[in-house]
Amino acid sequence: MADIIAFLRNFYRLEAGDHLLLFWLKEALIALIIFSIFWGLSLLLRTLLTRWVPRFTAFTSTDLDDRILARVTPPACLLVVLAGLYYAVKSLPFPEKAHVLSAGALFIVNVIVVTNIAWRITNELLGWYGSRLAERHGGGVDRQIIPPLEKLITIFLASIALMVVLRHFNYDILSVVTALGIGSLAIGMAAKETLANMISGFTLMVDRPFRIGDRIQLASGQWGDVADIGLRTTKIKTVDNTLLIIPNSELCNTTIINLAFPDVRAKGRINVGISYDNDVERAKSLLVETALSVPEVLREPAPEAFFVSFGDSALNVSLFFWVSEYGSVFATTDKINEQIIARFREEGITIPYPIRTVIMEKEQ
């Protein structure tokens, strides 16, 4: 570039007595020619990135590279134009201080453009990864994981750009990093609970022990459907139509039963006590037949009945059945219970009341 400037200066050399206006016109013309060269290079780069490179990316199995190419083409061409502006300003006979100021300003603009290119590439990669997660695990998970990652990466890129600019202007980065570290430590100590919940929320989004819409049961016995998984809290809509808000750190450190995993099928259980005088095998057969007569009960796995224990007043029998969706367990249980009572009455099988025999002895 220095040789080009020297050539242009010799080509447009003026006599020593030429007017000052002609001198500045000559310098401005040189700067304009330099800028025009880089402008042409930017147009050439745009043509390559929009017409020729896509012919090679068309052979790939994904359109990710095409989207990244479309996003980075404008700022990449802008970088070439800014380089031309830098050399054009540098060729002008300004004072040294003016050159330093202009070079510093252009350097900051270039850092901003490069950071924007990195952010655009990252944004496309995260969008592609989010769509893959949505295809694999269902919709909604991308809206939980991708926004926090975008914020973290944005903060990281902005921090790197700031350190590069400070380093260019000979500022002590170590002292700045140390100050930021001490400040972060103070903030972390003051808001450790909030940070713990945020880290736990990110862990829940990545580990995914449950998803939005899943029905879960907590160790305390409370249960409901997951309405939202945030960075600080998780919201659970209970069956009473109330919203249970739990800090994420508590969910990460407790036992949770996910009723919707590995699938939405659910198992119901009905306990029945029959008289000691009744036929246990007949009672078990009636329970299975009754369950099969209800349309909501699955035929595979088939319902089963077991004689589980000897009670104080009855023989305890349990019926196990499966339904296609965990939300229908209670309604199906109600239908089976009604039919069990009717069938037992028809077959003469009694459900005894608890009986207690009290013996009173009178002292002589």
**Request:** Identify the residue among Val297, Leu298, Thr332 that makes a side chain to side chain contact (heavy atoms under 4.5 Å, CB included) with Trp322.
**Result:**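 Only match with Trp322 under side chain to side chain contact (heavy atoms under 4.5 Å, CB included): Leu298.
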**Shortest non-hydrogen contact from Pro54 toward Leu48** = CD-O, 4.2 Å
**Message:** Show the nearest heavy-atom pair for residues Ile34 and Ala88, with the distance to one decimal.
**Reply:**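 That closest heavy-atom pairing would be CG2-N, 4.0 Å.
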Measure from the side-chain N and O atoms of [X] to the backbone N and O of [Y], and report whether any donor-acceptor pair falls under 3.5 Å.
{"X": "Arg215", "Y": "Gly213", "result": "no"}
{"X": "Asn337", "Y": "Thr333", "result": "yes"}
{"X": "Asn110", "Y": "Leu106", "result": "yes"}
{"X": "Asp214", "Y": "Asn258", "result": "no"}
{"X": "Asn278", "Y": "Thr350", "result": "yes"}
{"X": "Arg120", "Y": "Arg71", "result": "yes"}

**Prompt:** Near Arg299 CZ, under 6.0 Å, is it more than 12 heavy atoms from other residues, nucleotides or ligands?
**Reply:** yes
**Request:** Kindly check if the number of other-residue, nucleotide or ligand heavy atoms within 6.0 Å of CZ (Phe344) is above 12?
**Result:**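 Atom CZ in Phe344 is packed in, count exceeds 12.
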**Message:** Among residues at least two apart in sequence or on other chains, which ones pass side-chain hydrogen bond (donor to acceptor under 3.5 Å, both in side chains) with Ser293?
**Reply:** Gln339
Go through the structure and list residues passing side-chain contact (heavy atoms from CB on, under 4.5 Å) with [X], not counting sequence neighbours.
{"X": "Leu32", "value": "Ser36"}
{"X": "Glu338", "value": "Asp334"}
{"X": "Val72", "value": "Ile68, Ile117, Ile121"}
{"X": "Thr238", "value": "Asp240, Thr242, Leu244"}

**Asked** Which residues pass the salt bridge (Lys or Arg N to Asp or Glu O under 4.0 Å) test with Glu347, sequence neighbours left out?
**Response** Arg282
**Asked** Is the Phe35 ring parallel, tilted or perpendicular to the Trp39 ring (thresholds 30°, 60°)?
**Response** tilted
